[in-house]
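Every chain is numbered from 1, with letters handed out A, B, ... down the list of sequences. Values below: all heavy atoms of this structure, side chains included; hydrogens, waters and symmetry mates excluded.
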Protein chains: 2
Amino acid sequence: MSGRRVTMAQVAQAAGVSPTTASFVLSGRTDMRISAAARERVLAAAADLGYRPNVAARALRTKSTQTIGLVSDTVATTPYAGEVIRGAMEAAHARGNLLFIAETGGDRAVESELVHGMLDRQVDAVIYAAMYTRYVTPPKELYGRRVVLLNCLAPGFDAPSVIPDELEAGRTAARVLLEAGHTDGIYAIGGHQAIPATPDGVFAGNERMRGLQEALRGGGARLAGVVESDWGAEDGYREVSALLRDGRRPRALVCGTDRVSFGAYQALAEVGLGVPDDVSVVSFDDQDFASWLHPGLTTVALPHYELGRLAAELILSPEPVLEAAVHRVPMPLRVRGSVAPPAATPHG
Amino acid sequence: MSGRRVTMAQVAQAAGVSPTTASFVLSGRTDMRISAAARERVLAAAADLGYRPNVAARALRTKSTQTIGLVSDTVATTPYAGEVIRGAMEAAHARGNLLFIAETGGDRAVESELVHGMLDRQVDAVIYAAMYTRYVTPPKELYGRRVVLLNCLAPGFDAPSVIPDELEAGRTAARVLLEAGHTDGIYAIGGHQAIPATPDGVFAGNERMRGLQEALRGGGARLAGVVESDWGAEDGYREVSALLRDGRRPRALVCGTDRVSFGAYQALAEVGLGVPDDVSVVSFDDQDFASWLHPGLTTVALPHYELGRLAAELILSPEPVLEAAVHRVPMPLRVRGSVAPPAATPHG
DNA sequence: TTGAAAGCGCTAACAG
DNA sequence: CTGTTAGCGCTTTCAA
């Protein structure tokens, strides 16, 4: 890039001191004594010339670039994944670091190239992220490096993980319903997401369902039904419509995502059922449209920002070696208007 | 980061050649002749030792880090802004570059720090981005540097801009309505976004309205009304409800954003008006929920990915100096089900 | 207290 | 065709 940059040598010369002295004052070290006078002269010269350190040159000696990388499968597809980037970035910036971003699109070869690209640029550490919580196997280039796993788990890979606390989120959803007095007619739409592509369900689905059922049982309630399906808006619409067509009259719906709730609202409206008077709805994610819906959707929020922040925080912590623990970030409840006590007279 | 990296000197030694020879073959240059034998030996040694170049060290001599920066005001707030990052990143990667990302949150001091951070790390160029199209004044640190303005304009700042073609988008919206046979009862909801915070409207609003009115007039139609308001879902709901309450019976709505349309759908449904049979709706953005709505929303898409891609492409182009032109990226129409010919019998 | 000098990993004249 | 040498901008012994 253009713009002649002024070097430390020039600052030293202008201040009439040696490069060594300039280096010491400019890097703000105190272990070697520099006279106040020399110090002042260096600082003045630096300010005067608009001196800025060349981080790359410094890294050549110090082995630290004050730069971290964030590699993920997809940033764009999931709206609000931008929040994790923002969380990571702000935490990095707070400690004088900058963030490389790279997205692999799920392609291993691309992943490998991007990780190499970061390593070639001497990043101090890398955050390896997935856009929905799952088990991953990080590329071999990352073994033995300083890594934090974001929104993913890799048993056998020695690094800490930061994931949302989906188990507790399931309990939270149950609690919302229980507190409103719901004990039956509760359906889980989307369920574990046990569909052909993911026959054993997905991590979030499994944990949420476990927490949900456990807490429901503890409150003397139970699920009237679990509908396994994908987690899009169309799926919510289709499955709830089907349920209704079958003659089932749910009193409450626990939807896998806000998108599923979106579809559920449509299906309910179509047959003249009102939220929350006829049926209560609660889900997970807290996407932006959750508050635009009428009534606003009560949902358990994915803590995107906090996930990114914590991951960066951990990776930049002074700990020389990171413990391979899994950090579960709480998922806060957003109370809006979609949950109410069950109507006195049941429908259907 | 841990992991002893092997240096070029080691490769040279293993191959039994001088560093110079190794450097030439490893950087893939052909202007100096190297014997095939030496070449092979170097390549073999490099592969064998798992050699990777130290980009930072190389940059010290070449002045090029193969790294570009993207500074923006907000990435996270606007869902799908992630697409611009993805576009920029993929274009960068295709040319062997990596991307720094930084978000200022609109704070000039933070902006200055982040830009310095990038410059200190010797980025080759920076993309200065805004999350909604507007006039900006880039920080002084960027003057004289290789810069591309993304989704913003800065008259007097010598750099190319890449923005969506909102003017043509306005015409596109008009055309959709005209082709369906609409000539009156057309209301623009949101308008220029001439609200207290932006009394002169916003760039996108002004351009769209201009294109819209011009094309409508050309087709023998005209706007029955323009409602100036903010561009959120609540605004759409409120303004359309008010319109209806006033006894106006729109035949078609041109909404400032898909969010406005979202609110408009709600207001319409509330009074029993159907889309598109009673009123047609067209808007701008193409957010994900546009296709979830019933009926699907016909909208003119913001070309996020392409914006990011073009900006990176320009900045990495071989042109030694960038011409300060403004590049208007087409906004493609997404036809879904929200526009139909006006009903034979007008309502109201 | 300060300075001279070496060296981080790599490239580029310039010889040979 | 290949090696020697200097040096990019900075830090860091080591000596003064």
Side-chain angles (χ1 to χ4, degrees), chain A residues 1-43 45-46 49-67 116 119-124, chain B residues 1 3-43 45-46 49-67 119-124:
Chain A
M1 209 144 165
S2 44
R4 253 322 116 271
R5 284 177 72 97
V6 2
T7 73
M8 212 181 62
Q10 297 175 44
V11 173
Q13 178 164 33
V17 300
S18 74
T20 311
T21 305
S23 174
F24 269 91
V25 0
L26 290 174
S27 48
R29 293 177 46 176
T30 47
D31 48 331
M32 205 154 217
R33 267 69 127 58
I34 303 287
S35 69
R39 197 186 141 66
E40 285 316 313
R41 289 213 309 287
V42 170
L43 258 16
L49 301 176
Y51 171 76
R52 295 245 97 215
N54 180 327
V55 176
R58 169 170 17 209
L60 213 45
R61 296 251 27 180
T62 61
K63 301 293 173 215
S64 165
T65 52
Q66 305 264 81
T67 297
H116 269 140
L119 262 18
D120 293 353
R121 286 168 183 77
Q122 317 299 119
V123 294
D124 294 338
Chain B
M1 211 146 162
R4 256 316 118 271
R5 284 177 73 99
V6 1
T7 73
M8 211 181 64
Q10 297 174 43
V11 173
Q13 178 164 34
V17 299
S18 76
T20 310
T21 304
S23 174
F24 270 89
V25 359
L26 290 174
S27 48
R29 293 176 46 178
T30 47
D31 47 332
M32 204 155 218
R33 267 73 127 58
I34 303 286
S35 69
R39 197 185 142 66
E40 284 316 313
R41 288 212 311 286
V42 171
L43 258 17
L49 300 177
Y51 170 76
R52 295 245 99 215
N54 180 327
V55 176
R58 181 193 336 231
L60 212 46
R61 296 253 27 182
T62 61
K63 301 290 172 217
S64 164
T65 51
Q66 306 264 83
T67 297
L119 263 18
D120 293 352
R121 286 168 184 76
Q122 316 298 120
V123 294
D124 294 338

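The side chain of B:Y51 approaches C:dC10 more closely than any other nucleotide in the set D:dT11, C:dT11, C:dC10.
The separation between B:E40 atom CD and D:dC1 atom P is 15 Å, rounded to whole Å. Rounded to whole angstrom, the span from the CG atom of A:L26 across to the C1' atom of C:dT2 amounts to 15 Å. One interatomic measurement links the two molecules: CZ of B:R61 to P of D:dT5, which rounds to 16 Å at whole-angstrom precision. For A:Q122 and C:dG9, the CD to P distance is 9 Å, given to the nearest whole Å. Rounded to whole angstrom, the span from the CG atom of A:L60 across to the C1' atom of C:dA6 amounts to 13 Å.
Contact between the side-chain N/O atoms of A:K63 and the OP1/OP2 oxygens of D:dT12 is not found at any separation under 4.0 Å. At D:dT11, none of the side-chain N or O atoms of A:T62 fall inside 4.0 Å of OP1 or OP2 (strictly under the cut-off). When the side-chain nitrogen and oxygen atoms of B:S35 are compared with OP1 and OP2 of D:dT2, one or more of them lie within a distance under 4.0 Å. Under 4.0 angstrom from either OP1 or OP2 of D:dT11 there lies at least one side-chain N or O belonging to A:R58.
A donor and an acceptor atom never sit less than 3.5 Å apart when one is taken from the side chain of B:S23 and the other from the base of C:dA12. With hydrogens and angles ignored, no donor-acceptor pair closer than 3.5 Å exists between the side chain of B:T20 and the base of C:dT11.
In the model, A:T67 has a side-chain atom that pairs as donor or acceptor with a side-chain atom of B:R121 under 3.5 Å. Of the N and O atoms on the side chains of A:S23 and A:T20, not one donor lies less than 3.5 Å from an acceptor on the other residue.
For A:D120 and B:R5, the salt-bridge test passes: some basic side-chain N is under 4.0 Å from an acidic carboxylate O.
Within residues 9-19 of chain A, no residue places a heavy atom under 4.0 Å from DNA chain D.
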